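Structure first, then comments.
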Amino acid sequence: MNQILKTILTGPLQMNEEALRPETSLENAGLDSLAIAELDLLLAEHGVALGEDRLAAATTIGALDQLVDEHLTGR
């Protein structure tokens, strides 16, 4: 998992590290619309500007991780 994403999820968003399995849905991980908005702001502070819509479209932790990785690698 991308270290920036992991740090944000387990730090400011206070998610349990065990919930960060790739197959876990965002909903089951506790990421509601407010948490997605906060995640968007926190990622932007690290230079990862994706937007709430793109983040919410990722349905699992794995898809979210892939989205962040693709942004950082320029794919």
Side-chain angles (χ1 to χ4, degrees):
M1 170 172 274
N2 179 280
Q3 193 58 45
I4 293 170
L5 180 60
K6 184 176 182 178
T7 299
I8 291 170
L9 293 176
T10 59
L13 295 182
Q14 301 177 355
M15 290 181 62
N16 186 329
E17 198 165 336
E18 280 87 48
L20 301 182
R21 293 187 309 271
E23 69 277 5
T24 303
S25 73
L26 298 187
E27 184 179 331
N28 286 342
L31 286 172
D32 60 11
S33 59
L34 266 142
I36 293 289
E38 187 174 357
L39 176 60
D40 183 43
L41 291 172
L42 292 165
L43 283 170
E45 289 177 6
H46 288 88
V48 183
L50 294 170
E52 289 179 47
D53 291 339
R54 288 185 68 199
L55 292 173
T59 57
T60 64
I61 294 294
L64 184 62
D65 184 39
Q66 182 178 355
L67 192 63
V68 172
D69 276 342
E70 287 173 357
H71 179 81
L72 291 171
T73 60
R75 289 189 264 160

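What you see is a predicted model; the values in this text were computed from it and never measured.
- With hydrogens and angles left out, the side-chain atoms of Asp69 and Asn2 include a donor and acceptor closer than 3.5 Å.
- For Ser25, the side chain to side chain contact (heavy atoms under 4.5 Å, CB included) partners two or more places apart in sequence, or in a different chain, are Glu27, Asn28.
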Inset, instruction - Show your reasoning for whether side chain to side chain contact (heavy atoms under 4.5 Å, CB included) applies to Met15 and Leu31. - result: CA-CA 9 Å; Met15 290 181 62; Leu31 286 172; 4.0 Å; yes
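- When each of Leu9, Leu34, Val68 is tested with Leu39 by the rule side-chain contact (heavy atoms from CB on, under 4.5 Å), just one qualifies, namely Leu9.
- Considering every non-hydrogen atom in both Gly30 and Ala35, the closest pair reads O-CB, 4.2 Å.
- Residues that satisfy the side chain to side chain donor-acceptor pair (under 3.5 Å) test with Gln14, not counting sequence neighbours, are absent from this structure.
- In this structure, the side chains of Leu13 and Ile8 come closer than 4.5 Å at one or more pairs of heavy atoms.
- Screening residues 28-47 for salt bridge (charged side-chain N to carboxylate O under 4.0 Å, His left out), with sequence neighbours left out, gives no hits.
- Residues Thr60 and Leu26 are not in side-chain contact: their nearest non-hydrogen atoms beyond the backbone lie 4.5 Å or more apart.
- For Thr10, the side chain to side chain donor-acceptor pair (under 3.5 Å) test picks out no residue, with sequence neighbours left out.
- In this structure, the separation between CG on Leu64 and CG on Leu5 is 5.0 Å, given to the nearest 0.5 Å.
- The distance from the CG atom of Leu41 to the CD1 atom of Ile36 is 11.5 Å, given to the nearest 0.5 Å.
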Let me check something: any side-chain donor-acceptor pairs from residues 46-57 under 3.5 Å, sequence neighbours excluded? List them with distances.
unit_1	atom_1	unit_2	atom_2	d
His46	ND1	Leu42	O	3.0

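- Listed by first and then second residue, the salt bridge (charged side-chain N to carboxylate O under 4.0 Å, His left out) pairs involving residues 1-24 are Lys6-Glu17, Arg21-Glu23 (not counting sequence neighbours).
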